[in-house]
Amino acid sequence: MSRIAPLVNNIVGNEDADDLMIEIMDVLTDSVTSIPEIGKLYVFVYQPKTIGRYDQNPLVAVTNIFDWGFKGINFHWGQSRSYNFQEVVGQLYQVTNEELQDLNTIPFAKYRINN
């Protein structure tokens, strides 16, 4: 069963993206890691130092792992993005394929711009 399903049922539609992300992380605490695996799905908080647009609460399918970080398909952007380990705030929370469907219905993306 999806750990995310109960959250989907309680969404009103005016929740803050950060509050939703906290609720998501709270139900995923049993699948926390600091090192991702290729082919797995994760949510996490991201605070890059580079200038440009970013998703603070990404939902990512990891495609490559490097010494400095990893690359993956960000489901909010719909494209591949790079993530530096030093810019991940806290841990990575692994999600299942079933939970991916539920997460895609929750508006927890938070688009930001670094200047």
Side-chain angles (χ1 to χ4, degrees):
M1 178 172 160
S2 169
R3 297 168 292 175
I4 304 298
L7 299 178
V8 173
N9 296 332
N10 292 327
I11 291 179
V12 175
N14 60 352
E15 292 87 356
D16 178 75
D18 288 331
D19 291 339
L20 291 169
M21 185 63 174
I22 289 168
E23 288 186 46
I24 291 166
M25 291 185 302
D26 283 348
V27 299
L28 298 175
T29 56
D30 62 337
S31 61
V32 176
T33 186
S34 56
I35 304 296
E37 294 179 41
I38 293 173
K40 303 281 181 161
L41 304 164
Y42 300 91
V43 294
F44 52 96
V45 176
Y46 195 63
Q47 296 274 315
K49 295 175 183 138
T50 55
I51 294 175
R53 293 186 66 201
Y54 69 97
D55 178 5
Q56 182 177 301
N57 303 328
L59 169 58
V60 175
V62 175
T63 57
N64 301 88
I65 299 175
F66 307 96
D67 290 339
W68 52 266
F70 58 97
K71 285 188 177 186
I73 304 298
N74 179 310
F75 287 90
H76 299 150
W77 289 108
Q79 63 184 19
S80 181
R81 305 286 287 196
S82 296
Y83 300 95
N84 188 308
F85 287 129
Q86 294 180 351
E87 296 168 354
V88 172
V89 178
Q91 301 290 316
L92 302 164
Y93 297 79
Q94 186 177 339
V95 299
T96 66
N97 288 332
E98 179 183 42
E99 291 166 339
L100 174 63
Q101 293 177 5
D102 290 332
L103 285 168
N104 278 328
T105 67
I106 299 176
F108 70 99
K110 186 169 184 179
Y111 303 112
R112 311 282 312 247
I113 298 175
N114 257 355
N115 293 327

Roughly how far, to the nearest 0.5 Å, is [atom2] of [Y] from [atom1] of [X]?
X      : Y      : atom1 : atom2 : value
Arg112 : Asn57  : CZ    : CG    : 9.5 Å
His76  : Arg81  : NE2   : CZ    : 12.5 Å
Glu23  : Asn10  : CD    : CG    : 7.5 Å
Asn9   : Thr105 : CG    : OG1   : 9.0 Å
Leu100 : Leu59  : CG    : CG    : 5.5 Å
Ile38  : Lys40  : CD1   : NZ    : 11.5 Å

Of all heavy-atom pairs between [X] and [Y], which one has the smallest distance, and what is that distance?
X     : Y     : answer
Asn74 : Pro58 : ND2-CB, 3.4 Å
Leu92 : Pro36 : CD1-CD, 3.5 Å
Thr29 : Asp26 : CG2-O, 3.4 Å
Glu98 : Ser2  : OE1-N, 3.2 Å

Kindly indicate, with the supporting measurements, whether the criterion side chain to side chain contact (heavy atoms under 4.5 Å, CB included) is fulfilled by Tyr93 and Ile24. CA-CA 9 Å; Tyr93 297 79; Ile24 291 166; over 6 Å; no
Within the structure provided, determine whether [X] and [Y] are in side-chain contact (heavy-atom separation under 4.5 Å).
X      : Y      : answer
Leu41  : Val60  : no
Leu28  : Val32  : no
Glu15  : Phe108 : no
Asp102 : Leu7   : no

All pairs passing ring-ring contact (aromatic ring centres under 6.0 Å, His included) where residues 22-44 contributes a residue, at least two apart: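 Those involving residues 22-44 are Phe44-Phe70, Phe44-Tyr83.
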In the single-linkage hydrophobic clustering (I, L, V, M, F, W, Y; side-chain heavy atoms under 4.5 Å), do [X] and [Y] co-cluster?
X     : Y     : answer
Val89 : Val95 : yes
Ile73 : Ile65 : no
Val45 : Phe75 : yes
Met25 : Val27 : yes

Could you check whether Asp30 pairs with Arg3 (Lys NZ or Arg NE/NH1/NH2 to Asp/Glu carboxylate O, under 4.0 Å)?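 Yes, this pair counts.
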Under the side-chain contact (heavy atoms from CB on, under 4.5 Å) test, residues paired with Phe66 that sit two or more places apart: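 Expected list: Asn64, Trp68, Lys71.
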Pro107: what forms a side-chain contact (heavy atoms from CB on, under 4.5 Å) with it, not counting sequence neighbours?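 Result, side-chain contact (heavy atoms from CB on, under 4.5 Å) vs Pro107: Ile11, Leu20.
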Please confirm whether the backbone N or O of Pro48 pairs with a side-chain atom of Asn114, one donor and one acceptor, at under 3.5 Å?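 Answer holds: yes.
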With respect to Tyr46, which candidate in Glu87, Gln56, Lys110 satisfies the side chain to side chain donor-acceptor pair (under 3.5 Å) definition?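 The residue from Glu87, Gln56, Lys110 that satisfies side chain to side chain donor-acceptor pair (under 3.5 Å) with Tyr46 turns out to be Glu87.
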Inspect the surroundings of CG in Asp67 and state if more than 12 heavy atoms from other residues, nucleotides or ligands are less than 6.0 Å away.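 It does not: Asp67 CG has 12 such atoms or fewer within range.
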Gln86 atom CD, over 12 foreign heavy atoms within 6.0 Å: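 Incorrect, the count does not exceed 12.
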